[in-house]
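Each remark here refers to the structure printed beneath this line.
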Amino acid sequence: MLTDAAAAAVPRANWSYPTAIRFGVGRISELAEACAAAGIRRPLLVTDRGLSGLPITQRARAVLAGAGLDHGLFGAVDPNPNERNLAAGIAAFRSGGHDGVVAFGGGSALDLGKLVALMADQTRPVWDLEDIGDWWTRADAAAIKPVVAVPTTAGTGSEVGRAGVLTNSASEEKKIIFHPKMLPAVVICDPELTVGMPPAITAGTGMDALAHCIEAYSSPHYHPMSQGIALEGMRLVKTFLPRAFAIGNDLEARAEMMSAAAMGAVAFQKGLGAVHAISHPISAVHHTHHGTTNAVVLPHVLVFNRPAIEARIERAAAYLGLAGGFDGFVAFVVELNETLGIPRTLRGLGVADPDVDRLVEMALRDPTAGGNPIPLTPEATRALIEACL
Ligand SMILES: NC(=O)c1ccc[n+]([C@@H]2O[C@H](COP(=O)([O-])OP(=O)(O)OC[C@H]3O[C@@H](n4cnc5c(N)ncnc54)[C@H](O)[C@@H]3O)[C@@H](O)[C@H]2O)c1
Ligand SMILES: [Fe+2]
């Protein structure tokens with residue numbers, strides 16, 4: 001554990017918006033108390049294959065064991081998790097007699113942990129709870145288990161979200177599964193957990209947070225609270241993502257990025273748009289990283305949306321201290337990608353032989369497509385995808 005002056009300088013706070021958040025360096029030591037606060041006695045810790053062997057995971061497990069909490073480990077979540085991961089997680093939850101979940105990791109593990117808690121005791125298939133209209137009311141709300149969420153990346157903000165992204169492995173579609181009770185009961189935001197993220201993951205996850213803020217801010221729905229949160233989230237990413245990328249153990253930068261990630265997710269209750277609509281099929285079919293894919297797509301979508309968002313992006317540029325109005329804002333995004341070593345094109349991310357017709361169709365069907373400030377047509381979507389390739 002880092003206990004130097006830098007660690008002491010990072011703010012420590014308890015927030016109750018949008019849920020109970022324990023924010024500060026070293027607060028993973030409160031994991032057992034967090035479980036108690038959530039009413040969990042026998043947690044299943046859900047994490048991904050990479051994280052399950054890392055010291056941060058062992059530390060979290062040691063905290064639980066040290067407090068006498070009998071817990072299990074499900075450490076087999078894949079990136080962009082699918083229904084097979086979910087079935088295995090539910091089997092582990094049931095066979096271990098668990099009563100709640102500690103979702104520990106990046107968006108993949110957080111989402112899958114939240115989905116295990118949602119689905120462990122339901123009778124309907126998970127696809128019946130897709131985020132469409134009031135489908136969430138189909139769930140037996142009383143059967144949903146509590147979740148303590150512990151992010152180890154700073155990007156998706158899934159720790160403060162009421163949805164989980166699940167890939168349907170048959171159709172290769174990313175589906176958003178939603179229920180208001182999926183919001184974790186307690187969140188531990190311990191910036192120190194993100195210190196070991198490799199630079200490429202720091203970059204991609206950080207750009208996911210920026211994409212959430214920009215898409216939420218640009219979406220046409222009326223939600224002035226989200227506007228404010230999105231704007232400050234952008235400022236935090238602009239100031240602190242290059243620092244977190246360059247110096248992995250800069251705790252102040254890690255902490256501010258952790259806040260920016262949560263803010264992006266709070267803001268995008270207002271809506272997302274074409275960046276996510278295009279990136280979802282690409283990452284589901286071609287197995288690219290979600291946030292890194294967003295980063296490649298983002299400048300193209302900004303330019304496409306210009307007629308609808310120019311005035312508000314100019315206000316954002318002014319707030320961020322960027323010269324050049326709209327063009328200055330787009331240049332800032334392009335330069336940030338370059339600073340972070342993110343490829344300019346999807347081919348540079350490894351997307352080979354794409355079936356563009358299919359990607360266009362899937363993007364138009366994606367639930368985030370409807371939030372784009374300019375309605376997406378098949379022609380426009382094709383042009384956007386081709387430009388990104
Ligand atoms: N629920 C939501 O609101 C929401 C929003 C955006 C994205 N998502 C979903 O989240 C997923 C992406 O999540 P992500 O970008 O956080 O990536 P991820 O969870 O897939 O993790 C990426 C990699 O980073 C590793 N990693 C994570 N933390 C680490 C650490 N501290 N040290 C070292 N390695 C670490 C993981 O083992 C993994 O290999 C996608 O499935 C995406 O669709 C969900
Ligand atoms: Fe995202």
Side-chain angles (χ1 to χ4, degrees), residues 18 28 46-57 59-60 75-82 85-86 103-115 118 131 147 149-167 173-179 182-184 190-216 244 248-249 254 257-258 261-262 264-269 271-273 275-284 287-295 297-298 366-368 371:
I28 190 63
V46 175
T47 194
D48 70 51
R49 295 177 202 276
L51 278 165
S52 60
L54 292 187
I56 51 172
T57 312
R59 169 122 191 268
V77 179
D78 291 313
N80 305 310
N82 60 31
N85 294 132
L86 178 58
F104 186 93
S108 298
L110 294 175
D111 281 359
L112 200 86
K114 286 159 62 183
L115 287 164
L118 170 71
D131 189 9
V147 174
V150 186
T152 67
T153 65
T156 71
S158 175
E159 65 275 12
V160 294
R162 303 172 300 166
V165 183
L166 191 66
T167 301
E173 277 175 299
K174 279 202 167 199
K175 299 285 190 184
I176 298 176
I177 309 299
F178 171 85
H179 195 286
M182 283 177 79
L183 181 68
D190 182 344
E192 203 180 342
L193 299 178
T194 65
V195 160
M197 254 197 291
I201 301 288
T202 299
T205 52
M207 288 305 289
D208 191 23
L210 182 65
H212 293 159
C213 291
I214 293 177
E215 289 216 283
N249 64 3
R254 291 295 191 184
M257 280 309 300
M258 197 155 237
V266 169
F268 81 58
Q269 289 196 18
L272 289 169
V275 175
H276 277 76
I278 290 172
S279 131
H280 279 157
I282 287 164
S283 64
H287 307 286
T288 57
H289 178 254
H290 169 75
T292 316
T293 313
N294 286 343
V297 177
L298 181 56
D366 193 90
T368 61

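Just so you know, ligand 1 is whichever comes first in the structure, and atom 1 is the first atom listed for that ligand.
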Output the list of atoms in ligand 1 that are nearer than 4.0 Å to some heavy atom of [X], sorted by atom number.
| X | result |
| --- | --- |
| G106 | 16 (O), 19 (O) |
| D48 | 36 (C), 37 (O), 38 (C) |
| A163 | 1 (N) |
| K174 | 40 (C), 41 (O), 42 (C), 43 (O) |
| I56 | 31 (N) |
| G196 | 32 (N), 33 (C) |

Tell me whether H289 reaches ligand 1 (any heavy atom closer than 4.0 angstrom to a ligand atom).
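In this structure, H289 qualifies as a contact of ligand 1 - some heavy atom is under 4.0 Å.
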Is the closest protein non-hydrogen atom to atom 1 (N) of ligand 1 under 4.0 Å?
yes
Determine whether any protein heavy atom is located less than 4.0 Å from atom 5 (C) of ligand 1.
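It does; a protein heavy atom is within 4.0 Å.
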Closest N/O/S atom of D208 to the Fe ion (ligand 2), by atom name?
OD1
Taking [Y]'s backbone N and O only, do any of them form a donor-acceptor pair with [X]'s side chain (distance below 3.5 Å, no angle check)?
| X | Y | answer |
| --- | --- | --- |
| T47 | G105 | no |
| D190 | I28 | yes |
| K114 | L183 | no |

Residue part near ligand 1, for S283, under 4.0 Å between non-hydrogen atoms
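The answer is neither; S283 stays 4.0 Å or more away.
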Just heavy atoms, cut-off under 4.0 Å: does T205 contact ligand 1 by side chain, backbone, both, or neither?
side chain
Would you give the length of the straight line joining atom CG of N82 to atom NZ of K175, rounded to the nearest 0.5 angstrom?
14.0 Å
Heavy-atom proximity to atom 14 (P) of ligand 1, picking from G107, G53, G164, points to G107
When distances are taken from atom 3 (O) of ligand 1, the protein heavy atom at minimum range is F268 CZ, 3.3 Å
Option among D208, I176, T293 that satisfies the side-chain contact (heavy atoms from CB on, under 4.5 Å) test with H276:
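The passing option is D208.
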